Chemist: 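Below is one structure. I have some questions about it.
Atoms within a ligand are numbered from 1 in the order they appear, just like the ligands themselves. These values consider heavy atoms only, across backbone and side chains, with no hydrogens, waters or symmetry-generated copies. In this text, all values refer to a predicted model and were calculated from it rather than measured experimentally.
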Amino acid sequence: MSGLDDKFIVFIMGGPGCGKGTQCAILREEFNLAHLSSGDLLRAEVAKGTPEGLEIKSFMDEGKLVPQETVINLMKKAIMEVPNRGILLDGFPRSVSQLEEFERTVKPAKCALYFSCTEEEMLKRIMHRASHAAVKRSDDNPETAMKRFRTYTTEAQPAIQRLREMGKLIEVDAMRPIQDVTDDARKAFI
Ligand code: AP5
Ligand code: MG
C-alpha cells in the first residue's frame, strides 16, 4: 500500500481480555502512536445498524472471526486516515491468513507484542469489565467468552507461532499488574 514508507506497524496480540486495549491506551500516549483496534472498528460498524453491521454482530456474538475481507478493509481505511508514524494494530492479525494477507498487501509489521495470560485470568478480567463498564459488550458473558477462547486457540495461536518463527514476537507476561506489564511492553518502542 502506498504512503506507508515512513510508517511502522506493531501488531498487538493476546487472548480475549488479556489487556491489549489497556496497554495500547498507555503506549499510545507515551509514544504518540495511533491505536487501531479491530474489535472497536467492527463495533462501530455494528452501531450503524446496517445489514452488514448486523451480520458482523452475529459473528462477534458467537465469538467467531468476522470475515477477513471486512476486517482488512476496515483496517486499511483506518491506517490511511491516521497521521501518526507508529501504528498499533490491537487484536489484529487473528489468523495466519490475516497475517499473510496484511503483510503482502499493506506492509510487514516491525514486530508483534504478545500479552500472554491464562484463560482463568482472562475470564476474570472479562467478567470484571462486564460488571463495571458503563456500556456492556454483548460478547462479555461466560458462554461467549468460552467461544472466544476456542477461536483464539485455533485461529490466533498459529499466527502468534508464525510471528515467533519470523523472529518478530516480543512476549510479555500479562499476568502481572498493569504498570509492570507496561514496563516490559515499552521496550518494543525504545
Ligand atoms: P476484541 O474487541 O478485540 O476483543 P478481544 O480480543 O476478545 O479482547 P478484549 O477487547 O475483550 O480484551 P483486551 O485484551 O483488549 O483487554 P482489556 O484491555 O479490555 O474483538 C471482539 C470480537 O471482534 C472478536 O471476538 C471477533 O468476533 C471480532 N474481531 C476482532 N478482531 C478481529 C479480527 N482481526 N478478525 C476477525 N474478527 C475480529 O482488559 C480487559 C479487562 O481487564 C478490563 O476491565 C481491564 O481494566 C482489565 N485489565 C487489563 N489489564 C489488567 C491487568 N494487568 N491486571 C488486571 N486487570 C487488567
Ligand atoms: Mg480490546
Chemist: How far is atom 7 (O) of ligand 1 from its nearest protein heavy atom, and which residue and atom is that?
Modeler: Arg148 NH2, 2.7 Å

Chemist: Nearest protein heavy-atom contact for atom 8 (O) of ligand 1: which residue, which atom, what distance?
Modeler: Lys20 NZ, 3.1 Å

Chemist: Starting from atom 39 (O) of ligand 1, what is the nearest protein heavy atom, named by residue and atom, and what distance separates them?
Modeler: Thr22 OG1, 3.6 Å

Chemist: If you define the side chain from C-beta out and look only at heavy atoms, does anything of Ser116 sit under 4.5 Å from Met175?
Modeler: no

Chemist: Would you say ligand 1 has an N or O under 3.5 Å from any N or O of Gln23?
Modeler: no

Chemist: Do Cys117 and Arg125 come close enough that some side-chain heavy atom pair is under 4.5 Å?
Modeler: yes

Chemist: Just to confirm my output: which protein heavy-atom neighbour is closest to atom 4 (O) of ligand 1, and how far is it?
Modeler: Arg137 NH2, 3.1 Å

Chemist: Does Phe115 reach the side chain of Cys18, with side-chain heavy atoms less than 4.5 Å apart?
Modeler: yes

Chemist: Which atoms from ligand 1 have a heavy atom of Pro177 less than 4.0 Å away?
Modeler: 53 (N)

Chemist: Please determine if Phe92 has a nitrogen or oxygen closer than 3.5 Å to a nitrogen or oxygen of ligand 1.
Modeler: no

Chemist: Please confirm whether Asp90 comes within less than 3.5 Å of ligand 1 when only nitrogen or oxygen atoms on both sides are compared.
Modeler: no

Chemist: Using the six-membered ring wherever Trp is involved, compare the ring planes of Phe11 and Phe92 and label them parallel, tilted or perpendicular (cut-offs 30° and 60°).
Modeler: perpendicular

Chemist: Donor-acceptor pair, Lys110 side chain versus Ala188 backbone, under 3.5 Å?
Modeler: yes

Chemist: Does the side chain of Leu27 reach to within under 4.5 Å of the side chain of Arg186, using non-hydrogen atoms?
Modeler: yes

Chemist: Contact between Gly17 and ligand 1, counting heavy atoms under 4.0 Å?
Modeler: yes

Chemist: Would a distance-only check, ignoring hydrogens and angles, find a side-chain to backbone donor-acceptor pair under 3.5 Å from Lys107 to Ile9?
Modeler: no

Chemist: For atom 37 (N) of ligand 1, find the nearest protein heavy atom and state the residue, atom name and distance (0.1 Å precision).
Modeler: Val66 N, 3.1 Å

Chemist: With the side chain counted from C-beta on, respond yes when Arg137 and Arg43 share a heavy-atom pair under 4.5 Å apart, and no when they do not.
Modeler: yes

Chemist: What is the minimum heavy-atom distance between Arg164 and Tyr114, and which atoms define it?
Modeler: NH2-CE2, 4.1 Å

Chemist: Using a cut-off of 6.0 Å, state whether more than 12 heavy atoms not belonging to Lys168 lie near its atom NZ.
Modeler: yes

Chemist: So is there a nitrogen or oxygen of Gln98 less than 3.5 Å from a nitrogen or oxygen in ligand 1?
Modeler: yes

Chemist: Got Tyr152 and Glu119 here, is their nearest side-chain heavy-atom distance under 4.5 Å?
Modeler: no

Chemist: If you count the atoms of ligand 1 from 1 in the order shown, which ones are under 4.0 Å from a heavy atom of Val71?
Modeler: 33 (C), 34 (N), 35 (N), 36 (C)

Chemist: Do me a favour and list the nearest non-hydrogen protein atom to atom 42 (O) of ligand 1 with residue, atom name and distance?
Modeler: Arg125 CB, 3.3 Å

Chemist: Under 4.0 Å, heavy-atom basis, I'd like to know which part of Asp139 is in contact with ligand 1: side chain, backbone, both or neither.
Modeler: side chain

Chemist: For atom 29 (N) of ligand 1, which protein heavy atom lies nearest, and how many Å away is it?
Modeler: Leu42 CD1, 3.4 Å

Chemist: Who's closest to atom 32 (C) of ligand 1 heavy-atom-wise, of Met13, Lys124, Arg94?
Modeler: Arg94

Chemist: Where on Ala133 is there a heavy atom closer than 4.0 Å to ligand 1, on the side chain, on the backbone, on both, or on neither?
Modeler: neither

Chemist: Please state which part of His132 comes within less than 4.0 Å of ligand 1, counting heavy atoms only: side chain, backbone, both or neither.
Modeler: neither

Chemist: List ligand 1 atoms under 4.0 Å from Arg43, heavy atoms only on the residue side.
Modeler: 2 (O), 21 (C)

Chemist: With a cut-off of 4.0 Å, which atoms of ligand 1 are near a heavy atom of Lys64?
Modeler: 26 (C), 27 (O)

Chemist: Decide whether an N or O pair under 3.5 Å exists between Gly21 and ligand 1.
Modeler: yes

Chemist: Count the heavy atoms belonging to other residues, nucleotides or ligands that lie under 6.0 Å from NZ of Lys136, then report whether that count exceeds 12.
Modeler: yes

Chemist: Identify, for atom 50 (N) of ligand 1, the protein heavy atom at the shortest distance, and state residue, atom and that distance.
Modeler: Ile178 CG1, 3.6 Å

Chemist: Give the numbers and elements of all ligand 1 atoms closer than 4.0 Å to a heavy atom of Arg176.
Modeler: 52 (C), 53 (N), 54 (N)

Chemist: N/O of Pro93 under 3.5 Å from N/O of ligand 1, yes or no?
Modeler: no

Chemist: Are side-chain heavy atoms of Val10 and Leu33 found at a separation under 4.5 Å?
Modeler: no

Chemist: Hey, is the main chain of Arg94 close enough, under 3.5 Å, to the side chain of Gln98 for a donor-acceptor pair?
Modeler: yes

